[in-house]
Amino acid sequence: MDTLVSASMLAADFRQLSTELSRVAEAGADWLHFDVMDGVFVKSISFGEPVLKSIYADCPMPIDVHLMIVDPIRYVENYAKMGAYNITFHAEAAEDIGAVIDKLRQLGVKVGISVKPATPISAVEPYFDRIDMLLVMTVEPGFGGQVFLPETLDKVRQAAAIRAERGLSFRIEVDGGINGETAPLVRDAGADVLVSGTYLFKAADPQATVKELRG
Ligand code: DX5
Ligand code: ZN
């Protein structure tokens, strides 16, 4: 599978958001990663529906929504209607994981499910044949610019092994602390969508950075 780079908007300069989005798109980023935080599931509050509404019409990349919010089923319809390409919700935040998957399918968006560093792959494995993407958090969700947790690599390996064993084709995304050093590690473990915030948005040469991440 080709490796995709999803640029995490959390690290953008919000004073000039549309220029920032064009800059990473021109550098070759495949998707825009849109981190929604509610101050309950994670400590911080980021941005949500009004911001997505204002960017989606001319966003130069498909929008990869990462919901770090409690009770995701209440909100997915709004995000789907506002032009999300993928919607990824946290397994730990959903009362009924299967119901959220079904709802996303009905809405016609790609279905992603995410696990925090402490949540084992076994918690989401039963849903592997119903998803388009598994997001393995490589830091504790909540903030950009954190240090990659190497113990999460095993989970990526496990997910990739199960995917191969079962002949499935969902993508495996990693998010948090991805840079020139950690990208080869996650790619080797089997990840094929690399989220990058700080490393990409702060790069002097974003085009070279996207290439480096893609490997
Ligand atoms: C963290 C977010 C990430 C974050 C990644 O909770 O889900 O998407 O923006 O940022 P970096 O690449 O700076 O670790
Ligand atoms: Zn994210």
Side-chain angles (χ1 to χ4, degrees), residues 3-14 17 20-21 23-24 27 29-48 51-52 55 59 61-70 72 75-76 79 84-93 109-119 131-153 155-156 171-187 191-204 206 209-210 212-215:
T3 304
L4 305 180
V5 172
S6 192
S8 177
M9 201 179 99
L10 200 58
D13 178 350
F14 299 127
L17 193 49
E20 286 279 86
L21 301 191
R23 199 167 64 83
V24 290
D30 300 281
W31 293 349
L32 180 73
H33 186 80
F34 190 92
D35 284 307
V36 182
M37 303 179 186
D38 65 355
V40 181
F41 182 72
V42 291
K43 260 194 206 145
S44 27
I45 297 176
S46 58
F47 38 73
V51 178
L52 182 59
I55 65 159
C59 181
M61 298 157 280
I63 302 171
D64 172 31
V65 173
H66 177 193
L67 295 178
M68 286 165 275
I69 62 174
V70 293
Y75 302 93
V76 289
Y79 284 91
Y85 171 72
N86 279 321
I87 299 183
T88 299
F89 66 98
H90 270 267
E92 306 88 352
V109 282
K110 298 270 187 200
V111 179
I113 189 163
S114 181
V115 282
K116 298 206 275 189
T119 304
I131 59 172
D132 300 299
M133 188 161 80
L134 171 71
L135 166 53
V136 178
M137 287 305 299
T138 45
V139 297
E140 220 35 83
F143 302 95
Q146 300 183 73
V147 177
F148 178 82
L149 300 171
E151 61 270 28
T152 58
L153 280 171
K155 286 167 59 181
V156 176
R171 286 194 170 272
I172 300 177
E173 183 175 56
V174 284
D175 183 10
I178 303 300
N179 56 36
E181 271 171 40
T182 55
L185 305 178
V186 292
R187 287 196 312 261
D192 43 61
V193 184
L194 275 57
V195 174
S196 178
T198 317
Y199 190 65
L200 177 56
F201 276 95
K202 308 286 184 254
T209 302
V210 169
E212 179 190 33
L213 292 171
R214 221 191 287 283

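Residues: numbered from 1 along the sequence shown. Order of appearance sets the numbers: ligands from 1, and atoms from 1 within every ligand.
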With rounding to 10 degrees, Asp175 OD2, the Zn ion (ligand 2) and Asp35 OD1 define an angle of 170°

Quick note on ligand 1: atoms under 4.0 Å from a heavy atom of His66 include exactly 7 (O)

The answer for which part of Asp35 has a heavy atom under 4.0 Å from ligand 1 is side chain

Atoms of ligand 1 under 4.0 Å from any heavy atom of His33, numbered from 1 in the order shown, are 8 (O)

Under 4.0 Å between heavy atoms, the region of Phe143 that gets near ligand 1 turns out to be backbone

protein heavy-atom neighbour closest to atom 12 (O) of ligand 1 works out as Gly197 N, 2.8 Å

min-distance protein heavy atom vs atom 10 (O) of ligand 1 -> Gly144 CA, 3.6 Å

shortest atom 6 (O) of ligand 1-to-protein heavy-atom contact is with Gly142 N, 2.8 Å

heavy-atom search around atom 9 (O) of ligand 1 in the protein gives Ser8 OG, 2.7 Å

Tested for side-chain contact (heavy atoms from CB on, under 4.5 Å) against Met137, the lone hit among Glu173, His66, Lys155 is His66

Counting from 1 in the order shown, the ligand 1 atoms closer than 4.0 Å to a non-hydrogen atom of Met37 are 6 (O)

Counting from 1 in the order shown, the ligand 1 atoms closer than 4.0 Å to a non-hydrogen atom of Gly145 are 10 (O), 11 (P), 13 (O), 14 (O)

- Task: Would you check whether Met9 reaches within less than 4.0 Å of ligand 1, judged by its heavy atoms?
- Result: no

Residues Val156 and Val186: closest non-hydrogen pair is CG1-O, 4.2 Å

Quiz item: Heavy atom of Ala11 under 4.0 Å from ligand 1?
Solution: no

The atoms of ligand 1 lying under 4.0 Å from a heavy atom of Met68, numbered in the order shown, are 6 (O), 7 (O)

Nearest non-hydrogen protein atom to atom 14 (O) of ligand 1, with distance, is Gly177 N, 2.8 Å

Looking only at heavy atoms, the pair that brings Glu92 and Phe41 closest together is OE1-CZ, 3.8 Å

All heavy atoms of Ala84 vs all of Ile87, minimum pair found to be CB-CG1, 3.7 Å

ND1 (His66) to the Zn ion (ligand 2) to NE2 (His33), nearest 10°, is 100°

Counting from 1 in the order shown, the ligand 1 atoms closer than 4.0 Å to a non-hydrogen atom of Gly176 are 14 (O)

The single option from Asn86, Val36, Val109 that satisfies side-chain contact (heavy atoms from CB on, under 4.5 Å) with Tyr79 is Val36

N/O to N/O below 3.5 Å, does that happen between Leu10 and ligand 1? no

Separation between CZ (Phe34) and CG (Asp64), nearest 0.5 Å, reads 11.5 Å

message: Quick check on Glu151: does its CD atom have over 12 non-hydrogen neighbours (other residues, nucleotides or ligands) under 6.0 Å away?
response: yes

Heavy-atom nearest pair, Ala7 first then Ala29, reads CB-CB, 4.1 Å

One finds that the ligand 1 atoms under 4.0 Å from a non-hydrogen atom of Pro141 are 6 (O)

Check: Are a donor atom and an acceptor atom from the side chains of His33 and Asp35 found within less than 3.5 Å of each other?
Finding: yes

Here the pair of heavy atoms bringing Glu140 nearest to Leu149 is N-CD1, 4.1 Å

Looking only at heavy atoms, the pair that brings Ile55 and Ile63 closest together is CD1-CD1, 4.3 Å

- Query: Within a radius of less than 6.0 Å around NZ of Lys116, do more than 12 heavy atoms belonging to other residues, nucleotides or ligands occur?
  - Reply: yes

For the side chain of Thr138 and the backbone of Asp175, is there at least one donor-acceptor N/O pair under 3.5 Å apart?
yes

Quick note on ligand 1: atoms under 4.0 Å from a heavy atom of Thr198 include exactly 11 (P), 12 (O), 13 (O)

Candidates Thr138, Val36, Val139, Asp175; heavy atom nearest atom 7 (O) of ligand 1 found on Asp175

